[in-house]
2 protein chains.
Amino acid sequence: MATPEGQARNEEVFRTAASLMVQRGYAGTSMGDLAKAVGMTKAGLYHHINSKQDMLFQILHHAMEGLEREVIEPVKGISDPEERLREMIRLHVRGLFAHGLEFALLFPERRHLEPAQQKVIYQMVEDYLDQIRHALRELADEGKFQDLDINVTASHILQTIAGIARWYKEDKGVTEDHLVEQTVNFNLSAILKQ
Amino acid sequence: MATPEGQARNEEVFRTAASLMVQRGYAGTSMGDLAKAVGMTKAGLYHHINSKQDMLFQILHHAMEGLEREVIEPVKGISDPEERLREMIRLHVRGLFAHGLEFALLFPERRHLEPAQQKVIYQMVEDYLDQIRHALRELADEGKFQDLDINVTASHILQTIAGIARWYKEDKGVTEDHLVEQTVNFNLSAILKQ
DNA sequence: TGGAGGCTACCGATCGATCGGTAGGCAAGT
DNA sequence: ACTTGCCTACCGATCGATCGGTAGCCTCCA
């Protein structure tokens, strides 16, 4: 279906598109801009993608798959809910840095997708939230959970993590390690008794 | 400068623009769409505004002024930092509902402004964050603050509040009162000792 | 061994539609 | 008479997308 070079080029297109859309938004990024950024013409670009909209869908879908692979899967073996939640937050924040903080900022752009595509992405986010909710419920069963609404709390936790991409600036002297630690501690302090 | 009816029409233009941009983003909202939404032609629309970009700036500026007027000002008389922070979160979340949750979602669109305009908005957000940081510092002086980084914590708190607009759906049975209470409790639990 | 056929990865040119914005006029209130 | 508020009619630029075409490589078969 594709040569190794073509495969690499294809990935470069999607990676560059994600980067540009983070900076300028979906509607604010033209296919001409993207073509120029990857050193192609618009026509050449369309060899790699079906449409601008489909490209956005694939970027978001790929990002969610990455989240599941790098956060959900690795913590499946952790039976203690507190430690599992700690590790989820840790891995998620580390993932943000590893992939340039980018993808979290693109999710609001799912409004530009077809309803059916929106539903797919929405469901993947919901599945991720369910993992957080499940850990919270287990904590509640152990009597270690504060008296909070599990659904609202799960969303709050996710917002503190995804929100990092919205305010973090490299030049402020905050290191990745520090931010990981702070985000874990903030959220765990919020939900644990004592 | 304007008749009362004209003033009202002017406000309707900006209010409608904000609403459309929340749904479709800045670049995704055309002036033709906006004109149709307020029952005007594009030319008539431009009687009320200078440019699309300037309109966005005024919307964001107005939103920040509202935040200062409805959250910062009312809590100035509260000397106890814990109670002040509680009230800030309470008022901010209530403000989200009162104004349709809209404006929080528009702030990422400040990337479409001129650098000088961006700076103005950025500074207003920073001033707001300073109010949260100040309350946290006072709490620390009283020995009631968890061992957390004040700057990071302030951002986390703001993200849980602004983040509500990104996940809240009316049809899930979560009431405004419940959400206010949950958001206050989550954040206070995160930052207070014990 | 060489040539035919097919495939990938692109290009220049161009499509109709839509973009943000404007010139100039007209009707109504003060 | 002048301003306010809006209109019709239009501008150049850019949008996403598609057209026919091609350079270069790989495979297969005589």
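All chains are named by letter (A, B, ...) in the order of the sequence lines, taking the proteins before the strands, and each is independently numbered beginning at 1.
Computed from coordinates, the B:D54 CG to C:dG20 C1' distance equals 14 Å when rounded to whole Å. The distance from atom NZ of B:K42 to atom C1' of C:dA17 is 12 Å, rounded to the nearest whole Å. In this structure, the CZ atom of A:R24 is 14 Å from the C1' atom of D:dT14, given to the nearest Å. The nearest whole Å value for the distance from the OH atom in B:Y46 to the P atom in C:dA23 is 13 Å. Counting to the nearest Å, the P atom of D:dC6 and the CG atom of B:L34 are 13 Å from each other. Rounded to whole Å, the distance from CE on B:M55 to P on C:dG20 is 9 Å. In this structure, A:L20 places its CG atom 13 Å from P of D:dC15, rounding to the nearest Å. Counting to the nearest Å, the C1' atom of D:dT18 and the CG atom of A:N50 are 13 Å from each other.
Ranking C:dA23, C:dC10, D:dA17 by closeness to the B:A43 side chain, first place goes to C:dA23. Among the nucleotides D:dG16, C:dA9, D:dC7, the one closest to the side chain of A:M31 is D:dG16.
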Salt bridge (Lys or Arg N to Asp or Glu O under 4.0 Å) assessment of B:R94 paired with B:D177 = CA-CA 8 Å; B:R94 292 233 180 262; B:D177 286 346; 3.0 Å; yes

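Under 4.0 angstrom from either OP1 or OP2 of D:dC6 there lies at least one side-chain N or O belonging to B:R9. Phosphate contact (OP1/OP2 of C:dT22, side-chain N/O of B:H47, threshold under 4.0 Å): absent. A:T41 has no side-chain polar atom (N or O) that falls below the 4.0 Å cut-off from OP1 or OP2 of C:dC10. The shortest distance between the side-chain N/O atoms of A:H48 and the OP1/OP2 oxygens of C:dC10 is below 4.0 Å.
Here the shortest heavy-atom pairing between A:L96 and A:A104 reads CD2-CB, 4.1 Å.
Under a cut-off of 6.0 angstrom, the local environment of CG in B:D141 is crowded, with over 12 non-hydrogen atoms contributed by other residues, nucleotides or ligands.
The one candidate from A:E83, A:E181, A:E70 that meets the salt bridge (Lys or Arg N to Asp or Glu O under 4.0 Å) condition with A:R90 is A:E83.
Because its NZ or CZ atom is both nearer than 6.0 Å to the ring centre of A:Y26 and within 45° of the ring axis, A:K52 counts as a cation-pi partner of that residue.
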